Amino acid sequence: MIIKAFKLNTPIMMIINYLATPLNLLSFVYFIRVGEQLAGVESVSLGDLKTALFNDIIGGIQQFSFSLFLGIVAWMIFVPLATLVLFFPLKFVLQRASQKVHPKLEHSL
C-alpha cells in the first residue's frame, strides 16, 4: 500500500482525498468540453448530463457515453503532458525539502 510504503499519515491522506473530490468532479466537465472541442462535435448540455446521471446513473452513462468517452480521451492526452511538465520541477522541490528534513539520506530519484 502506498501509504505504508511512504510512511504517510493515513487520516491526513484521507482528508486530503476528500477535500480534492470536488476538484476531481469539476475536472470531468473540463475534460468533456476539451474532448468535444478536439472532436469538433456539439457540446452537450451540462444540465441534461447532470439530470441524467442523478436520476439514472446507468441510463445517463449510456445516453452520454460518447461525451464521456471524449472526456476520457482528452484526459489521456493531458496526463502525459502534465506529467512531463510537472515531474522535474516537483522532483527538484521535493528533493530539496527532503534534504532539509533528512539531510543524511541519499536520494536516488
Side-chain angles (χ1 to χ4, degrees):
M1 185 165 211
I2 292 174
I3 293 173
K4 288 183 182 179
F6 291 105
K7 298 178 183 173
L8 301 173
N9 186 323
T10 304
I12 290 175
M13 293 305 299
M14 291 175 66
I15 290 169
I16 291 170
N17 188 28
Y18 287 130
L19 292 174
T21 298
L23 295 174
N24 188 15
L25 294 174
L26 287 174
S27 73
F28 289 173
V29 175
Y30 171 77
F31 286 116
I32 288 172
R33 291 291 186 234
V34 170
E36 290 169 341
Q37 288 180 354
L38 289 173
V41 299
E42 187 177 331
S43 296
V44 298
S45 166
L46 293 179
D48 292 345
L49 176 62
K50 178 183 163 190
T51 301
L53 291 175
F54 278 113
N55 290 339
D56 177 21
I57 193 161
I58 301 298
I61 290 172
Q62 289 173 343
Q63 182 179 355
F64 293 99
S65 60
F66 186 64
S67 294
L68 296 171
F69 171 74
L70 292 176
I72 292 169
V73 169
W75 177 81
M76 290 175 66
I77 293 169
F78 172 80
V79 168
L81 297 174
T83 300
L84 288 173
V85 168
L86 294 174
F87 177 76
F88 293 107
L90 286 176
K91 178 182 172 185
F92 175 76
V93 169
L94 292 174
Q95 282 180 341
R96 297 282 299 224
S98 179
Q99 287 172 354
K100 288 181 181 181
V101 174
H102 303 287
K104 295 181 181 180
L105 289 180
E106 187 175 320
H107 300 283
S108 61
L109 284 179

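None of the values given here were measured: they were computed from a predicted structure.
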> Would Gln62 and Leu68 satisfy side chain to side chain contact (heavy atoms under 4.5 Å, CB included), going step by step from the backbone distance to the final call?
Replying inline: CA-CA 9 Å; Gln62 289 173 343; Leu68 296 171; over 6 Å; no
>> Between Phe69 and Met76, is there shared hydrophobic-cluster membership here, with clusters defined by ILVMFWY side-chain heavy atoms closer than 4.5 Å?
In response: yes
>> When you compare the side chain of Val41 with that of Phe66, does any pair of heavy atoms fall below 4.5 Å?
In response: yes
> Looking only at heavy atoms, what is the nearest atom pair of Ala39 and Leu70, with distance?
Replying inline: CB-CD2, 3.7 Å
>> Distance check, rounded to the nearest 0.5 Å: Phe88 atom CZ versus Thr83 atom OG1?
In response: 11.0 Å
> Is the backbone N or O of Ala52 less than 3.5 Å from a side-chain atom of Gln63, with the two atoms forming a donor-acceptor pair by type?
Replying inline: no
> Do Phe92 and Phe87 belong to the same hydrophobic cluster, where Ile, Leu, Val, Met, Phe, Trp and Tyr are linked whenever their side-chain heavy atoms lie under 4.5 Å apart, directly or via other members?
Replying inline: no
> Going hydrophobic residue to hydrophobic residue with side-chain gaps under 4.5 angstrom, can you get from Leu81 over to Trp75?
Replying inline: yes
>> I'd like to know if Val34 and Phe28 are part of one continuous hydrophobic network [Ile/Leu/Val/Met/Phe/Trp/Tyr, side-chain heavy atoms within less than 4.5 Å].
In response: no
>> I'd like to know if the side chain of Asn24 and the backbone of Ala20 have a donor-acceptor N/O pair within less than 3.5 Å.
In response: no
> Is Val44 linked to Ile58 within one hydrophobic cluster, defined over Ile, Leu, Val, Met, Phe, Trp and Tyr using a side-chain heavy-atom separation of less than 4.5 Å?
Replying inline: yes
>> With a 4.5 Å cut-off on side-chain heavy atoms, are Val73 and Leu38 touching?
In response: no
> Should Phe64 and Asp48 be marked as a side chain to side chain contact (heavy atoms under 4.5 Å, CB included) after you check the CA-CA gap, both sets of side-chain angles, and the distance that decides it?
Replying inline: CA-CA 9 Å; Phe64 293 99; Asp48 292 345; 3.9 Å; yes
> CG of Leu53 to CG of Leu46: how many Å apart, nearest 0.5 Å?
Replying inline: 10.5 Å
> Atom CG of Leu19 and atom CD1 of Ile12: how far apart are they, to the nearest 0.5 Å?
Replying inline: 11.5 Å
>> How close do Ser67 and Ile32 get, counting heavy atoms only, and between which atoms?
In response: O-CG1, 3.8 Å
